[in-house]
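The block underneath contains the structure these notes are about, expressed in structure tokens.
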Amino acid sequence: MSVAGDVDKYEKVMELAKRRGFFWPSYEIYGGVAGFYDLGPLGVRLKENIVSLWREHFIKRQQHVVVEIETPIIGPSRVYEASGHIEHFTDPIVECLKCGRKFRADHLIEEKLGIKAEGLTPEEMTKIIREHDLRCPVCGGPLSEVRRFNLLFKTTIGPYTQNVGYLRPETAQGMFVAFKRVYEVSRQRLPLGIAQVGRVARNEISPRQGIMRLREFTIAELEFFFDPEDPWQGGVLDELLGRLGDTKLRILTADAKMRGKDKPEEYGVREAIEEGVITTPWLGYWMAIARDFVLDLGVSYSDMYFDEKLPEERAHYAAQTFDQLVRVSRLGWLEVSGHAYRTDYDLSRHMKYSGQDLRVFKPLKEPKIVEKKIVLVDPRWLGQTFRKKAKDIMNALRELDAESVEKRLAEKGYIEVLGARIPADKVKIVTKKEKITGKKFIPHVAEPSFGVERLLFVTLDHAYTERDGRVVLKLPRRIAPVKAAVFPLVRDERLVKIAREAWWRLLDAGFYAVYDDDGSIGRRYARVDEIGVPVAITVDYQTLEDGTVTLRDRDTWKQVRINLSDLVDAVRRFIYENTSLEKLAP
RNA sequence: GCGGCGGUCGUCUAGCCUGGACUAGGACGCCGGCCUGCCAAGCCGGAGGUCCCGGGUUCAAAUCCCGGCCGCCGCACCA
């Protein structure tokens, strides 16, 4: 059982991961570098299977509204200025020169002096600290200059240039920047989800907890664009929600937290959306998908909940955020995904910084004819009377509301614009008909975002069991890195020959499978149990007589006999259709 | 970054306090052979160690001292 604070199990899982080749610290022969991990042969395959399961849930099942792209890891600084990462991903830090403790300079100034310091330059903050003789709040020592620490990795683009580039801290900006093009190739339809799986880098100050907090890792992200005025997008969301049935989510709301609660409550997805617990419907839908996905990794419902972030805990771009937490050994609750309502923040920012129009056009069902009053002035008179000022006056007149102009003309017989008096007989108010076919707007975004390496750990942690003093990794069959093992009962030439043929047959059918004839049969079962091979096939003396072999279930250790000729199909059904062993026996 | 603790074959570990006889021991794992009729059986043989790195003290350092790196815990930090 997985219990928070189960240190022993954590050690065992990490030891297994290293010993059998799931993952280990990078650059080991040079002493290692904190925050970097290699994936080993089994780790790569497990990760691949987890990612493909993610694609099943987040892309394939919604393929009518979700597409996947791939964008570069390195981006020009402009992109990260626009995204707000250069400003917000950078913390102003002061260090105590005596005890070495570090503090957020702006927080310290606000807390101790009551001066708003957010957004000030490091120099300005240093000045404030000096003027008020602010000292270390812990030991009273003197403070250093204020420095900026940025979590973005910096590089240059091209040789010998000042052209600064950054390694992306999330894949999301790739989707925002490419939105217009993807929207085009997706036939200009909303809602539109753009997914990406890729590596990101964050220069963490002090990464720890092994593979749980890395400086470089893989993110599986979805930016889901929708119309904020019609979030249900006609029937699209309704249909998708309908297919979920009565999926329940465990949620600890910010509201509940502020009331001092720390236990999540259960909500139906629709209920959570309709009651406004989740402020935008699509965020709720993707949380339900996230729930199902993590369940498929072998995590039980009660070992998972969604934790709403308090306003001050949220990222700069988010209007509402939920973290999906999973219970793991030692660390307790671990964040495996974040679900953020990013509103139109990112697209607006990129519009501003790029100068491109990233809005989408929404046609009205029927074009609307609106009547609009406009102010007309006799242009000849205006030009001759005011000469060079005429153009400015004309522009100023256009800004005026026609109704109020009409009113003032009626009252006074003239209007004044920019000091120019225009009599009523030079002004005409006319009513014009205008046809409105639709409008442009900036889509809003709901974003589910997963840390893949964390999922890898979570999967191993929840699969780890012991039986009779041996390790049995009860990985869900679909994501097991090796699907089957083939053994001759003993190393008898006749059995070996048949076993190797059976093994090749599985390989030809596309399975990852191992063959082993070393040591006792029990030892071989143990070896493959430890890396979570779901099924073992044993060729024995009965095989010589009737052409049957045994299938042994990793989780129950039970065996059934099947015909050798049915092997590939039986394995396929066992792995991908989750058919029980008993049902495979003829 | 600060403080505490730690780092020895692939893995887990003994040895460190009290320096020498340590050619660094064990278990598991791994490789070869034998054996083996279903759950880490047995026998024979074998490979495998920069004792984290660098420097210092000493006739002599895995062992003592200093610095660095890495890990864990606490603090701080953390979209």
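A quick note: this is a predicted structure, and the numbers were derived from the prediction, not measured.
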Q: Using a cut-off of strictly less than 4.0 Å, decide whether A/Thr538 has a side-chain nitrogen or oxygen near OP1 or OP2 of B/C38.
A: no

Q) On a whole-Å scale, what distance lies between the C1' atoms belonging to B/C31 and B/A47? A) 7 Å

**Q.** Assigned partner base of B/C72, Watson-Crick or wobble definition, under 3.5 Å
**A.** B/G4

**Q.** Interatomic distance, A/Asp8 CG vs B/C72 C1' [rounded to whole Å]
**A.** 15 Å

Q | Nearest to side-chain heavy atoms of A/Val33, which nucleotide of B/A40, B/C38, B/C70 | A | B/C70

Q | Any A/Leu16 side-chain heavy atom under 4.5 Å of A/Glu530 side chain | A | yes

(Q) Taking only the C1' atom of each, what is the distance from B/C51 to B/U63 in whole angstrom? (A) 10 Å

Q. Base, sugar-phosphate alone, or nothing: which one does A/Glu530 contact when heavy atoms must sit under 4.0 Å apart?
A. base

Q: Applying side chain to side chain contact (heavy atoms under 4.5 Å, CB included), run through A/Gln173 and A/His85 and close with a yes or a no.
A: CA-CA 10 Å; A/Gln173 296 311 319; A/His85 284 94; 3.8 Å; yes

Q. Cation-pi between A/Arg477 and A/Phe574: NZ/CZ under 6.0 Å from ring centre and within 45° of the ring axis?
A. yes

Q. Is there a Watson-Crick or G-U wobble partner for B/G48 with both distances under 3.5 Å, and which nucleotide is it?
A. none

**Q.** Between P of B/C9 and CD of A/Glu15, the distance in whole Å
**A.** 13 Å

Q: Nearest whole angstrom, please: distance from the P of B/A40 to the CG of A/Asp516.
A: 15 Å

Q | Contact check, side chains of A/Arg349 and A/Tyr345, non-hydrogen atoms, under 4.5 Å | A | yes

(Q) Among B/A79, B/U11, B/G71, which nucleotide has an atom closest to any side-chain atom of A/Ala34? (A) B/G71

Q: May I have the distance from A/Trp24 (atom CH2) to B/G71 (atom P), rounded to whole angstrom?
A: 17 Å

Q. Quick one: is A/Arg524 getting a side-chain N or O under 4.0 Å of the B/U36 phosphate, OP1 or OP2?
A. no

**Q.** Same-atom distance (C1') from B/C30 to B/C72, integer angstrom
**A.** 29 Å

Q) So, A/Phe217 versus A/Tyr37, ring centres under 6.0 angstrom or not? A) no

Q.
Heavy atoms only, 4.0 Å cut-off, all strands: where does A/Arg491 land among base, sugar-phosphate and nothing?
A. base

(Q) As a test of reading the structure: which of B/U11, B/C38, B/G37 is closest to the side chain of A/Tyr541, going by heavy atoms? (A) B/G37

Q) How is A/Leu16 classified with respect to the nucleic acid when contacts are heavy atoms under 4.0 Å: base, sugar-phosphate, or nothing? A) nothing

Q. A/Tyr27 has an atom OH; how far is it from atom P of B/C52, in whole Å?
A. 23 Å

Q. Any donor-acceptor pair under 3.5 Å between the side chain of A/Tyr30 and the base of B/C53?
A. no

Q. Does OP1 or OP2 of B/C38 have a side-chain N or O of A/Arg523 closer than 4.0 Å?
A. no

Q | Touch class at under 4.0 angstrom, heavy-atom based, for A/Gln559 against every strand present | A | base

**Q.** Test item: A/Arg250 side-chain N/O and A/Met304 main-chain N/O as donor-acceptor pair under 3.5 Å
**A.** yes

Q | Side chain of A/Val490 (C-beta onward), nearest among B/C39, B/C30, B/U36 | A | B/U36

Q: Write down the distance separating the P atoms in B/C9 and B/G26, rounded off to the nearest Å.
A: 15 Å

Q: Indicate, with a heavy-atom threshold strictly under 4.0 Å, whether A/Asp492 touches base, sugar-phosphate, or nothing.
A: nothing

(Q) Is it the case that B/C39 (base atoms only) and A/Arg552 (side chain only) share a donor and an acceptor within less than 3.5 Å, ignoring hydrogens and angles? (A) yes

Q: Calculate the interatomic distance between A/Arg554 atom CZ and B/A40 atom C1'; express it in whole Å.
A: 18 Å

Q.
Suppose you measure atom C1' in B/G7 against the same atom in B/C52; what distance do you get, rounded to whole Å?
A. 6 Å

(Q) Are the side chains of A/Val535 and A/Arg554 in contact, using a 4.5 Å heavy-atom criterion? (A) no

Q | Pairing nucleotide - B/C28, Watson-Crick or G-U, each distance under 3.5 Å | A | B/G10

Q: Please determine, for B/C16, whether a Watson-Crick or G-U wobble partner exists with both distances under 3.5 Å, and give it or none.
A: none

Q: Tell whether A/Arg470 reaches the base of B/C39 with its side chain through a donor-acceptor pair below 3.5 angstrom.
A: yes

**Q.** Identified side chain to side chain donor-acceptor pair (under 3.5 Å) partner of A/Tyr341 from the options A/His444, A/Gln320, A/Glu447, A/Arg314
**A.** A/His444

Q. RNA chain B: A/Tyr317 or A/Lys558, which has the more 5' nearest nucleotide?
A. A/Lys558

Q: Could you check whether A/Thr321 gets within reach of a base, just the sugar-phosphate, or nothing at all, counting any heavy atom under 4.0 Å?
A: nothing

Q. If you look at every strand shown and take non-hydrogen atoms under 4.0 Å, does A/Pro25 touch a base, only sugar-phosphate, or nothing?
A. nothing

Q) From B/C38, B/C72, B/A41, pick the nucleotide closest to the side chain of A/Arg330? A) B/C72

Q.
Can you check the distance between B/C64 and B/G20, where both ends of the measurement are the C1' atom (answer in whole Å)?
A. 14 Å

Q: Carefully, step by step, assess A/Arg491 and A/Asp517 under the rule salt bridge (Lys or Arg N to Asp or Glu O under 4.0 Å).
A: CA-CA 6 Å; A/Arg491 202 185 286 170; A/Asp517 60 16; 3.7 Å; yes

Q | Nucleotide of B/C73, B/C78, B/C38 approaching A/Asp540 most closely (side-chain heavy atoms) | A | B/C38

(Q) Return whichever of A/Leu152 or A/Gly35 has its heavy-atom-nearest nucleotide of RNA chain B closer to the 5' end. (A) A/Gly35

Q: Could you check whether A/Arg213 gets within reach of a base, just the sugar-phosphate, or nothing at all, counting any heavy atom under 4.0 Å?
A: base

Q: Using the ring of A/Tyr525 (Phe, Tyr or Trp, six-membered ring only), decide whether A/Arg552 places NZ or CZ under 6.0 Å from its centre and within 45 degrees of its axis.
A: yes

Q.
For a quick check of understanding: with a heavy-atom distance under 4.0 Å over all strands, which category does A/Leu489 fall into, base, sugar-phosphate or nothing?
A. base

Q | Rounded P spacing from B/G25 to B/G6 in Å | A | 24 Å

Q.
Given the structure, check if the side chain of A/Arg467 and the base of B/C39 hold any donor-acceptor pair shorter than 3.5 Å.
A. no

Q: Searching all strands shown, indicate the nucleotide that pairs with B/A62 (Watson-Crick or G-U wobble; both distances under 3.5 Å).
A: none

**Q.** Residue A/Asp518, side-chain atoms from C-beta onward, closest of B/C38, B/C77, B/C31
**A.** B/C31

(Q) Taking pairing as Watson-Crick or G-U wobble with both contacts under 3.5 Å, can you name the mate of B/A41, or confirm there isn't one? (A) none

Q | Atom pair distance, as rounded to whole Å: OH in A/Tyr80 and P in B/A79 | A | 16 Å

Q. B/G37 P sits how many Å from A/Ile521 CD1, rounded?
A. 11 Å

Q: For nucleotides B/G4 and B/U13, find the distance between their P atoms and express it as a whole number of Å.
A: 24 Å

